[in-house]
Amino acid sequence: MSTPAIAVIGGGLAGSEAAYQLARSGVPTTLFEMKPVRFSPAHNQEGLAELVCSNSLRSTDPESGIGLLKQEMELLESVIMQVARHTAIPAGKALAVDRRLFSTAMTEQLERMDHLTIVRKEITSLDDPDLEPFAKVIIAAGPLASPPLTASLMEAAGEEDLYFYDAIAPIVVTESIDMDKAFWGSRYHPEEKDYLNCPLNEEEYTALVQALKQGTRVKPREFEQAIHFDGCLPIETMADRGDQTLAFGPLKPVGLIDPRTGKQPFACVQLRSENRDKTAMNMVGFQTKLTYPEQQRIFSMIPGLEHAEFERMGSIHRNTFVNAPKVLTPQMELKNKPGFFLAGQITGVEGYLESAATGLWLGLFLAGRITSLPPVTTALGALLNHLQTPAKKFQPSNVNFGLMPGLNRRASKKDRKKLYAARAVNDFTTWLQGEPRT
Ligand SMILES: Cc1cc2nc3c(=O)[nH]c(=O)nc-3n(C[C@H](O)[C@H](O)[C@H](O)COP(=O)(O)OP(=O)(O)OC[C@H]3O[C@@H](n4cnc5c(N)ncnc54)[C@H](O)[C@@H]3O)c2cc1C
């Protein structure tokens, strides 16, 4: 009996990895990629597995979550990792690649594979006649999946369970903050230096809220009307909801005492350090749709930020992803549309490698080369387990130590990381040995 064919929509990081794993396992696979017929707003090369922004696949340190993930992907013979090693350029402890070479090598690798057909065509619906011959379909169309396909996915996933945007808070250069006005300290812990606080009196707060309400905003684009994500509302939308909303929300002053007055201010803007050296600070809760000049003008009304230099302005960019715990089975199959599986950023993961890892797992799983999820104590397991939990952001480096039975919680953070790395690799290898290999 011949093996049923599988279609993959989207030849990005996840789709290319999934298609490779299926084809090398002998599964007849067709990869539909819309480029060069149509390009998303971020893609501009014709090749597969295009890295749209940075050329870095981040740290190779096996004590970091992302380094561990690399090790585990290599154990599973990930093509993304193989090609990345071949096209790497020097970048210290990080794995960076020549972006063009990487995409060209990935395209050539996939084009010469048996069992794999690459069709340059946009799939516009989950009911597209082109998909009819296939027993299963992997949707790996990315955070910028083409609009008609997104609309069709919305129908299958349910409007409220498909999100369309990512909200980014502005980052300020620490040196440009007026330290005569701002003070360090986290809530109830003035000695901790993780947060920098800009105190506002009632008058300053009221002026800021009015400015936020009246500030010029970037016009909503296609699909953005359907946003329902209270976890990261734009700051000006919160201001619209009521004059005191911010004072009880991201600007609440509770637990923060201004050392200059010895009192709790009326409201407080908090900035969280972006890096270990605290050279850049992230404005907590200030994700925004205000235009860049308006951000500059309005945020400089905040005491301490009058002369702030912005390393990055706030923004909201399109990022299509589903509410994975609700709409997907643990095998990443759409509950409302059996036979349709999701991989890549559209599942809710973020980052090149994390996206590729979901494609790797799904490709191997649908090819029958592995039969279960990796244990949650491994980086790959934690990543996949994340798809079944409600948290939006996933950082493999934040893998919960609590998942590791017997791990000494009193050990230093560094030792715990080492122990974790050792345990995770161990658990992963044990799991792998128990899996059927062809
Ligand atoms: C602007 C931007 C910058 C980013 N910068 C970084 C970064 O610096 N570092 C990082 O780690 N991550 C970054 N990311 C996240 C990163 O892009 C993703 O994590 C990763 O590329 C997602 O992989 P994917 O396979 O899910 O989607 P993609 O890599 O986007 O691949 C999706 C593919 O599907 C194709 N496609 C879309 N719709 C259809 C259709 N209907 N029919 C056929 N084909 C279709 C697209 O052309 C594309 O080739 C960025 C994302 C964006 C949008």
Side-chain angles (χ1 to χ4, degrees), residues 7-20 30-59 65-66 69-70 78-80 84 91 94-97 99 102-103 106-107 110 118-128 130-131 137-154 164-166 168 312 315-322 324 332 340-363 383 387 393-397:
V8 180
I9 309 174
L13 276 300
S16 299
E17 181 72 64
Y20 172 87
T30 299
L31 174 61
F32 291 97
E33 167 53 56
M34 68 176 182
K35 297 186 302 179
V37 185
R38 185 167 186 165
F39 285 88
S40 86
H43 292 80
N44 57 34
Q45 290 173 36
E46 292 193 6
L48 301 174
E50 179 179 346
L51 303 177
V52 288
C53 187
S54 146
N55 65 341
S56 172
L57 303 178
R58 318 212 299 278
S59 175
I66 197 74
L69 192 59
K70 287 188 181 66
S78 149
V79 67
I80 296 275
L95 175 60
V97 297
R99 268 193 306 200
F102 174 77
S103 171
M106 280 292 298
T107 310
L110 266 66
I118 300 170
V119 179
R120 300 287 190 152
K121 185 166 196 222
E122 179 189 1
I123 296 293
T124 53
S125 152
L126 302 192
D127 299 315
D128 195 305
D130 280 316
L131 301 177
V137 176
I138 296 178
I139 305 165
L144 301 167
S146 75
L149 184 68
T150 306
S152 175
L153 186 60
M154 181 150 91
F164 299 105
Y165 79 124
D166 227 5
I168 293 181
R312 180 184 78 187
S315 71
I316 306 237
H317 66 84
R318 182 163 159 227
N319 178 7
T320 303
F321 65 99
V322 300
M332 302 203 263
F340 284 77
F341 296 77
L342 261 59
Q345 196 165 343
I346 208 155
T347 61
V349 294
E350 261 179 294
Y352 298 144
L353 215 66
E354 290 88 339
S355 299
T358 60
L360 174 65
W361 179 81
L362 191 55
L383 168 63
L387 298 178
K393 300 263 178 212
F394 174 75
Q395 289 291 333
S397 46

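All heavy atoms count here, side chains included; hydrogens, waters and symmetry mates do not. Note that ligands are numbered from 1 as they come in the structure, with each ligand's atoms numbered from 1 the same way.
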Heavy-atom nearest neighbour in the protein, as seen from [atom], with distance rounded to 0.1 Å:
atom	value
atom 53 (C) of ligand 1	Leu144 CD1, 3.6 Å
atom 34 (O) of ligand 1	Gly10 CA, 3.2 Å
atom 1 (C) of ligand 1	Ala42 CB, 4.0 Å
atom 37 (C) of ligand 1	Ala141 O, 3.3 Å
atom 52 (C) of ligand 1	Val52 CG2, 3.9 Å
atom 27 (O) of ligand 1	Gly142 CA, 3.2 Å
atom 5 (N) of ligand 1	Cys53 CB, 3.1 Å
atom 31 (O) of ligand 1	Gly12 CA, 3.1 Å

Check: [X] N/O within less than 3.5 Å of ligand 1 N/O:
X	value
Thr124	no
Ser355	yes
Gly351	yes
Glu33	yes
Leu13	yes
Met34	yes
Ile123	yes

Below 4.5 Å, heavy atoms only, C-beta onward: do [X] and [Y] meet side chain to side chain?
X	Y	value
Ile118	Leu48	yes
Leu13	Glu17	no
Leu95	Leu353	no
Val79	Ser16	no
Leu383	Trp361	no

For Ala343 against Leu362, the heavy-atom pair lying closest together: CB-CD2, 4.0 Å

Which heavy atom of Phe39 sits nearest a heavy atom of Met34, and at what distance? C-CE, 4.3 Å

For [Y], is there any backbone N or O sitting under 3.5 Å from a side-chain donor or acceptor partner on [X]?
X	Y	value
Ser355	Ala14	no
Ser56	Ala96	no
Ser59	Ala94	no
Glu50	Gln45	yes
Lys35	Asn44	no
Arg58	Tyr352	no
Ser152	Leu126	yes

Heavy-atom contact check, 4.0 Å cutoff: does Arg38 meet ligand 1? no

Near [X], which atoms of ligand 1 are under 4.0 Å from a heavy atom of that residue?
X	value
Ala145	37 (C), 38 (N)
Gln345	15 (C), 16 (C), 17 (O), 18 (C), 19 (O), 20 (C), 22 (C), 26 (O)
Pro143	27 (O), 30 (O)
Phe32	43 (C), 44 (N)
Gly344	26 (O)

Classify the contact between [X] and ligand 1 as side chain, backbone, both or neither, using a heavy-atom distance cut-off of under 4.0 Å.
X	result
Leu149	side chain
Ile9	side chain
His43	side chain
Tyr352	both
Ser40	neither
Ala14	both

Distance (rounded to the nearest 0.5 Å) between Tyr20 OH and Ile80 CD1: 11.0 Å

Point-to-point distance, once rounded to the nearest 0.5 Å, from CG of Leu149 to CD of Glu122: 7.5 Å

